[in-house]
Amino acid sequence: MSACVPARADSARTKHVHPPHSPPPGGPRRFRVAGADVSAAIAVFLIALPLSLGIALATGAPLQAGLVAAAVGGIVAGRIGGCPLQVSGPAAGLTVVTADLIQQYGWRTTCAITVFAGIAQLGLGCLRVARTALAVSPAIVHGMLAGIGVTIAVAQLHIVLGGTPQSSVPDNMVALPAQLANLHPADVAVSVLTLTLLLLWPRLPGRAGDVLGKLPAALIAVGGATAVAALTGLRLPKVDLPSWSSHALASLPEGPVLGLVAAVLTTTLVCSVQSLLGAVAVDKLVAARPALTGRVKRSDLDRELLGQGAANIVSGSLGGLPIAGVAVRSSANVAAGAVSRNSTMLHGVLVVIAALLLVPALELIPLASLAALVMAVGLKMVSLNHIRTVTRHREVLVYAVTTCGVVFLGVLEGVALGIAVAVGVALHRLTRTRITHDDVEGVHHVHVRGQLTFLAVPRLSRVLHQVPHGADAVVELDGSFMDHAAYETLQDWQKTHTAQGGSVDITGRRPGTRISEPAEVDGCRCRPWTPWRNHQCERPSKAPTPGTDRRTAAGAPTGESPATTTGPNTSGTSGVPGAYGPPGATGATGATGATGATHQPRGHELARGISAFHRNTAPLMRRELARLAREGQQPSQLFLTCADSRVVTSMITSSGPGDLFVVRNVGNFVPLPGEESGDDSVAAAIEYAVDVLKVRSITVCGHSGCGAMQALLGADPAGARTPLQRWLRHGLPSLERVPADAAEDGRERPRLAGRAPADAAERLCLANVVQQLEHLRAHESVARALGAGDLELQGMYFHVGEAQSYLLSEDTEGGVFELVRETNLTA
């Protein structure tokens, strides 16, 4: 045992002694609720109250069951669950499932099914399989929710019209004409008023709309319809909350065992998937909030399953509806600024208070108003955004089958159909491989689009044998997977073809996978953009043997002789440079490796990079570069940045060939026009970009750790003798913007949003960007384009160590560089 570890008796004796020079321990911690959590809890409560009653009405359960589920979901799931800001309760996605269970087994057995579903969720949480549930295709989940939404809307339409819904969508559709012929004007009027308020309330114009819009539209719609119905004396069915003393609790389940097991599995599946997806969505909403609202931990999905399971056990035991995470309430909780799980729990407490004290007020609510509210919620579940997303990802068939299956067969059957179709679509894509053969100027191109599996081997073999003996061939692999059967077929054909005098160039494969002899290549796994010095495909240095050049031992690739070329041309006869050979080198010319006394070729890093470009990138870029060669360059932006090797402009701006006209120099300086010892090359590039290329913007980009700024801080203006010292004189105006005493003239300095500059060099770098923008405005071509409104100037700062970019916002005094936030580009 270490001497630093105290014995048990000593640790027990000194456990409660506070450290010296520290205040004595205070009393027990008080339970405190942040003000943001209180306001968020009230907002969520006002949304949850009418929705819980409406969902209970839609399922055919006692209306009090909705209040029980809302309270238990807030208190139990809120306290135990792994997503602090997700609000749980009766969800619209469970309406169809619960309604079917009540119709088949009765209410008490449905409560028992809810308890068993909660136990199943506890088991899943203990097995830590929450992440596995997220493997379900989003198209299936969205299709399930859309089908449930259609079912809810069609059923509630009958109550809106003053009638009673049937047991299924087809029956409801058949009964709809008769219902339309027998309208109840009072129910229709209240429903129309509810839908109108629900639609128009968030769109109130002006400042009053901004203030009133903070009240939940659902509460205003139901409250307004209730007030109008009470004031006008309309006679129509209203909420009937029986006494809590007669509230029905769970009982032992009755019915066929297989049916009950299927019911438990269905309830578990829908509750779990909806809750887990909701937790992931809440994490995204929280991440998108401003940093000032407080930090919230990311969701623990396994703990969230445990919390949902415990809540369902309690809710079912107390006679409540099944519980899941609810998107509407959770998003309202996040938007209201909640910072902890206290908001969710407090909302549950408010539901309990309302269920005990507000019964007379709740019994004034017309059932038609609640039905209209739930119908609107059901229609929103058919999301056009989801349809566009699944269409863009070619999952519309899965979505449509799942939706139709849920509508016409049921939730479990619809989800099963969706899973089957999703598997079929995946297999179809895996086996759908297009293999074409073209002869272009004597070079035979075999293009493979898709995954190469054993199912595609017959077609691959047939097309490969169409290449004449002794011909030059290029095999372009446009896919991310190749199984062993396809690999052997391609390798065997390559050996045979090269033995007959032909050449084979295999391109398009992912880095690190090559079609060649294992003895010749040890599988370099470096990516196309891997820095040269970080390549892990070279042998470690060894003491050279007599007669062997030192460069051979230090630079040869791992697992091969130094002369072996390992690029696409493994035959050594096509003349394409190998991955490690110089341009023009081939296996035939490099066969001296047999002697064992070979030399690492000069410029091998450059040749290796060019070869990797030829192998991996050129096949993907050839068409685009050919178009640019025909049309000429048409960049949209002039990017003026430092010559620092760590600043890769195309990478940090996600741009490609033809997008940026780049000018680089030490310190990203823009010399003033006509200045003594100026540099006409920068001015010429600016004039060419603005007047000839017609760029729309110019960006000056500085970066952290800039050597030019550090040299400028210690430069002697009078001692500019070398070219570098003379060049740094263009940064003296920037140096004057940042005096030693930053506050001596009372002006604001350029700064980063959220933090002060790390050191004097970073402060100078920010000031230099602002100063060079001023120099740009002094150039005649730039001033003319700015005056015509054809050009804009931008300042940028790139922090190398954090890989984060900041853009200059000139709306504030002195200029503030704001961090560029991540955005969802697929929405």
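Leu122 CG to Ile313 CD1: the interatomic distance, rounded to the nearest 0.5 Å, is 4.0 Å. The line from SG of Cys126 to CG of Leu305 is 10.0 Å long, rounded to the nearest 0.5 Å. From Ser191, atom OG reaches atom CD of Gln156 across 10.0 Å, with rounding to the nearest 0.5 Å. We find the CG-CD distance between Asp283 and Gln86 to be 9.0 Å, quoted to the nearest 0.5 Å. For the atom pair CG of Leu277 and OG of Ser275, the computed distance is 9.0 Å after rounding to the nearest 0.5 Å. Rounding to the nearest 0.5 angstrom, the gap separating the CD1 atom in Ile220 from the CG atom in Leu215 is 5.0 Å.
Residues Ile55 and Ala92 come closest through the heavy atom pair CD1-N, 3.6 Å. Closest approach of His347 and Ala48 over heavy atoms only: NE2-CB, 3.8 Å. Taking both residues in full, the closest heavy atoms of Glu363 and Asp240 are given as OE2-OD1, 4.2 Å, listed atom of the first, atom of the second, then distance. Nearest approach of Gln308 to Ala77, heavy atoms of both residues: NE2-CB, 4.3 Å. Of all non-hydrogen atoms in Gly78 and Thr344, the two that sit nearest each other are CA-CG2, 3.8 Å. Scanning both residues, Leu321 and Thr59, for their nearest heavy atoms gives CD2-OG1, 3.8 Å.
Val406 places a side-chain heavy atom less than 4.5 Å from the side chain of Ile148. The shortest side-chain heavy-atom distance between Pro165 and Ile159 falls under the 4.5 Å cut-off. At least one side-chain heavy atom of Leu124 sits under 4.5 Å from a side-chain heavy atom of Thr268. For the pair Val415 and Ile419, the minimum side-chain heavy-atom distance is below 4.5 Å. At a threshold of 4.5 Å between non-hydrogen side-chain atoms, the residues Leu219 and Val222 do not count as touching. Val239 has its side chain within reach of Leu367: a pair of non-hydrogen atoms, C-beta onward, lies under 4.5 Å apart.
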* Report the C-alpha separation of Gln121 and Ser272 in whole Å, then their side-chain angles, then the decisive distance to 0.1 Å, and conclude whether the side chain to side chain donor-acceptor pair (under 3.5 Å) test is met. => CA-CA 7 Å; Gln121 286 181 303; Ser272 301; 3.1 Å; yes
* To do: Show your working on side chain to side chain contact (heavy atoms under 4.5 Å, CB included) between Ile152 and Met375 and close with a plain yes or no.
  => CA-CA 6 Å; Ile152 292 172; Met375 185 178 71; 5.9 Å; no
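A donor and an acceptor atom, one from each side chain of Thr114 and Asn312, are nowhere located under 3.5 Å apart.
Of the possible donor and acceptor atoms, one in the side chain of Thr194 sits under 3.5 Å from a partner among the backbone N and O of Val190. Arg303 places a side-chain N or O within donor-acceptor distance of the main-chain N or O of Ile80, the cut-off being under 3.5 Å. In this structure, the side chain of Arg203 engages the main chain of Leu199 through a donor-acceptor pair within 3.5 Å.
Residue pairs meeting the ring pair (Phe, Tyr, Trp, His ring centres under 6.0 Å) criterion with at least one member in residues 141-177, sequence neighbours excluded: His142-His386.
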